[in-house]
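Here the structure is a predicted model, which means the values were calculated and not measured.
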Amino acid sequence: MTTLTTRNTVMRLAVASACSWLALSAAQAQQTQQTQPIQPADAAQATPAPADPAPTEAAAKVDNVVTVSGSRIAARGFTQPTPTSTLTAADLDKVAKPNMFESLIELPALQGSTGRTTSTFSTSSGIQGLSSLSLRGLGTLRTLTLLDGQRVVGANVTGVTDVSQFPQLLVKRVDVVTGGASASYGSDAIGGVVNFITDKKFTGFKFNAEGGMTKYHDDKNGTLQAAWGKGFADDRLHVSVSAEITKENGIDSPGFGEVGPNGRDWYKNPALQESTPAMQAAGLPRYTSILHAQHIQYAKYGLITNGPLKGTAFGPGGNPYPFQYGSNCVGNFCIGGDLSGSVGAGTNLAMNFKRQVAYTRVSWDLDADNEIYLTANWAQVKSVFSPNPGAAKQGNLSVRCDNAYLPASIAAACASGYPSGAMSYGTANAEFPANINVHPTRTQRRVVVGADGKFSLFGKDWSYDAYAEHGENTTVLEVHDITLNPRYNFAIDAIKDPATGQIVCRSAAARAAGCQPINIFGNVPINMAGWNYIAPVNGPMQHTDSTQNVVSANVNGDVMEGWAGPISLAFGAEWRREEYSVYGDPYGAGVSTQSPYSPSYPADPTLSATGDNWFAGNYHNGQGAFNVREAYVELNIPVLKSATWGEANVNVADREEKYSTAGKARAWKLGATWKTPVDGLRLRAVSSKDVRAPNLSELFAATTVTNQAVNNAQGTSVQIQQRNVGNPALVPENARNNSFGIVLSQPSWARNFNLSVDYFDIKVKNVINSLSAQQEVDLCNAGYQQVCSAVSINGPAGTNYVQAQSFNFAQLHTRGVDFETAYRMNLGDYGMPGNLTLRGLATRTIHAISDPGVPGTVPSEGAGNMTGNTPKWKALVSESWEHGKLGLTLSQRWISAGVYSNEYIECQTNCPLPTAAHPTIYDNHIPGATYVDFGATYKVTPQITAYAKIDNLADRAPVLVPQTNLSYGINPALYDVIGRTYRVGVRGSF
């Protein structure tokens, strides 16, 4: 029998034993498991519970047991080796955010999370309005987010959860496990685990009411939360319910031009200007960061971009005028000039956001130590935002000289000056009556039935928990006021009907299908019939149903007494099935049985029957499913207990997984802790193999199409469609996670002081990734024919595309150091009133290397790349003072300065020729930022507390992070983009 077969047999026997013990557990005498509070700077250190002055017989049996999210072991004196930070409900109350997610992402270890200020520029990404957490900058896909240690149905097809759908008022703490935890919890825990722990026996009534807005009188928000819990039938039946609603109005698009929303003056049309090949050959850098950038390929109401009429723009009434080009016109940009048509500022800084959550937990005590329970959760999160104003056409329109809307002088000059009979034309389409607006709505329905408790076997006490979960998430994404590309092209190609003299669409087929002409020359009222033709009431639509079913059982307890203490065992098994189906409208997805023509989307022979007709938001159909069976075992073995040498334990775990799609996977962990003889000093180390299986989107994703702009070999911007497709042949990612830490916890010489320093090193292989559209174009230009098959950018406007598919070819490597410290002092010892608590967390990312694994590419360093999500330093420091009824908190959020890219070569003159891997840039520096927040609380009564909070006290403007195309030029993943925010509220507990 092979080693693998033997191990699998042992795992199966362990699972069978678990099921037998669960069946017998209700008849056993039990002990009540207690979860103890965790020290601020060392989540693995238990704090003994205060003794009951008059213990009952049952209470006398209670053991001091700690349960930590980094391990399945729950045992007396157990200190797990995996670093874990904890935010208690009191910590979260101090931050006073409308959404708990916004509090958590301030933690230094959380980097790359998505929220309502990210992806506001995207129509088709699928993550808009999704509040998902990311540890170590490894992405939301590699961070496992749990609710009471249980999986939650994904909020989109990637399987990531939406924290906004959690019942937040009943959360009593959040454990952030900053290390690999796949051996304990399964797939996705490469970066770590974020576990939300609820108060399962909440009794009484509590509420929270909060409201606020920014300095600029926008993003007005309000939150109402209430929870109630009560015991019945001599406290054997316990019922708790909660309901909450949060509404954040967001920050509307300011529209066109160089203008910030509602008085924000920091927006200055930033862009990276690209030099010509001739300039680069002369030793000038490829990129230069500029302000007041003007795109030269379109104007607000139209611009001729080629031939003798180049530079002719159109204004009020359609009258032509010479366009004001700015200075230093290179590539696609000038500096200054007519900036009125710029679309960069038109992205929402923050989405309009509404969350509603209802939750209940009902439990029945079978006896003093065993319960069965049911939890039910309904949640709905709605977002609204505008990705951009108008719909810019970057000089890629062809206007015929006989267009009926052209002024006579221009038509005549066109006929004589353009032998082809057509001019190149660009416009921001500012005459459109409304901006594109996207409406994602996610609705979750989740039910869990389970049992937990204790039993005795062979003279030992064991605890168990088992549950079955069914979760559903429905996502409906609608886009309004967006155009159909073919209809737009038909509508702008207008002629005079020789028979009637009326202006009509040139195409007879389009006229037969209802085409109505529109005038794109100048600031003139749009023909509403034409608008309704090109932008029908029913725009792009995507309907996604995601389903998750889970059955899980876990058992842990002490196996035997070892020479240094009890040897503890945890084991369990889980079965999980994930599936999804998605369908879109026939204009975007293509006509099929899932997406038929209907009264909402009537047949139109001028549109492509295969879809991709919309300007953006072409959602395609798809479906897929997988299931996984897994089992694990974990052991904690005390190996040292000496008055001279201290105490030490070894923690080992193994998990075997089998996926119906990706095959077998294995995760393991080997860790140790040593409580040294030095007062308060403990060492910990852990090495683990962690896995992430490909998700439904990566395996079976429906083809999605997004509009992008890439630069061709000549440096000219080309509009393309990026087509993303799934790959069923993917296999799991494998990570090796190593960490070593030093913990100083309340030594006798500093009883209220805690400090932990942990080094981490994570290497991920077989990373599922795809190249960007620009990377594929650059590789094709460099001669890699295998990539050229996915690139087509030399065709007519509207036909260019780049196809992207995920493969297991990339690698990631990140390493750094985490710091956490806390100190509490009684100021009365110094003749001053109150207590002062100091707490600090910081992460120093030494490396965050991404290796595409593709010929012609080189690994890139992400640490300090400020266009990404991983600064070299990220820190959160707070100082809290409490005295009587009053509490004050001052906190500082800091990120260090960095660069546009670590792969750029900075130079001003005599630059080497740039390459795709190492472009040259004039100035590669991007500043960091420090934000100061201030909060106050006042106990109006022992039950009611009033509070106030000011975030970004100095109203620090976001650092500008320009791109190669006009955008809002900021990075909301790193910087505060909203500005100073005021909030007040009241919370109570009875």
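Here the side chains of Tyr619 and Val479 are in contact, with some heavy-atom distance below 4.5 Å. Between Val438 and Leu477 the shortest side-chain heavy-atom distance falls below 4.5 Å. In this structure, the side chains of Asn269 and Gln294 stay at 4.5 Å or more apart for every pair of heavy atoms. Leu966 is not listed as a side-chain neighbour of Asn332, based on a closest heavy-atom distance of 4.5 Å or more. Considering only heavy atoms from C-beta on, Ile290 stays 4.5 Å or farther from Pro270 through its side chain. Between Pro308 and Tyr418 there is a side-chain heavy-atom pair separated by less than 4.5 Å. You'll find the side chain of Asn328 reaches within 4.5 Å of the side chain of Gln273, heavy atoms only.
Between Lys268 and Glu258, none of the side-chain N atoms (NZ, or NE/NH1/NH2) sits under 4.0 Å from a carboxylate O, so this pair counts as no salt bridge. A salt bridge is absent between Asp338 and Lys300; no separation between the charged side-chain nitrogens and carboxylate oxygens falls under 4.0 Å.
Within the 3.5 Å criterion, the main-chain N or O of Gln719 finds no donor-acceptor partner in the side chain of Asn396. A donor-acceptor contact shorter than 3.5 Å is absent between the side chain of Gln394 and the backbone of Gln297. Of the possible donor and acceptor atoms, none in the side chain of Asn403 sits under 3.5 Å from a partner among the backbone N and O of Val399. Under a 3.5 Å cut-off, the side chain of Ser592 and the backbone N or O of Ser595 do form a donor-acceptor pair. Without hydrogens or angle criteria, Thr120 side chain to Asn348 main chain gives a donor-acceptor distance under 3.5 Å. Using modelled atom types, no side-chain atom of Asn429 and backbone atom of Gly390 make a donor-acceptor pair closer than 3.5 Å. Between the Asn319 side chain and the Pro316 main chain, a donor and an acceptor come within less than 3.5 Å of each other.
Outside the 6.0 Å centre-distance limit, the rings of Tyr298 and Tyr425 are not counted as a close aromatic pair. Residues Phe314 and Tyr301 place their aromatic rings such that the two centres sit no closer than 6.0 Å. Ring centroid separation for the pair Tyr904 and His918 does not come in under the 6.0 Å cut-off. A ring-centre distance under 6.0 Å is not found for Phe323 and Tyr321.
With a 6.0 Å cutoff to the six-membered ring centre and a 45° limit on the axis angle, Lys496 does not count as a cation-pi contact of Tyr405.
Summarising the geometry of Thr347 relative to Pro387, their closest heavy-atom pair is OG1-O, 2.9 Å, with the distance given to 0.1 Å. Residues Thr610 and His620 share a closest heavy-atom pair of O-CE1, 4.1 Å. Smallest separation of non-hydrogen atoms from Ala345 and Val259: CB-O, 3.2 Å. Considering every non-hydrogen atom in both Val343 and Pro389, the closest pair reads O-CD, 3.6 Å. Closest approach of Thr606 and Ala510 over heavy atoms only: CG2-CA, 3.8 Å.
Expressed to the nearest 0.5 Å, how far CZ of Arg511 lies from CD of Gln516 amounts to 11.0 Å.
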Test log, rule side-chain contact (heavy atoms from CB on, under 4.5 Å), inputs Tyr587 and Arg487: CA-CA 11 Å; Tyr587 297 165; Arg487 288 189 183 180; 3.8 Å; yes
Applying salt bridge (charged side-chain N to carboxylate O under 4.0 Å, His left out) to Asp218 and Arg264, what does each step give before you reach the verdict? CA-CA 11 Å; Asp218 55 19; Arg264 292 171 175 83; 2.6 Å; yes
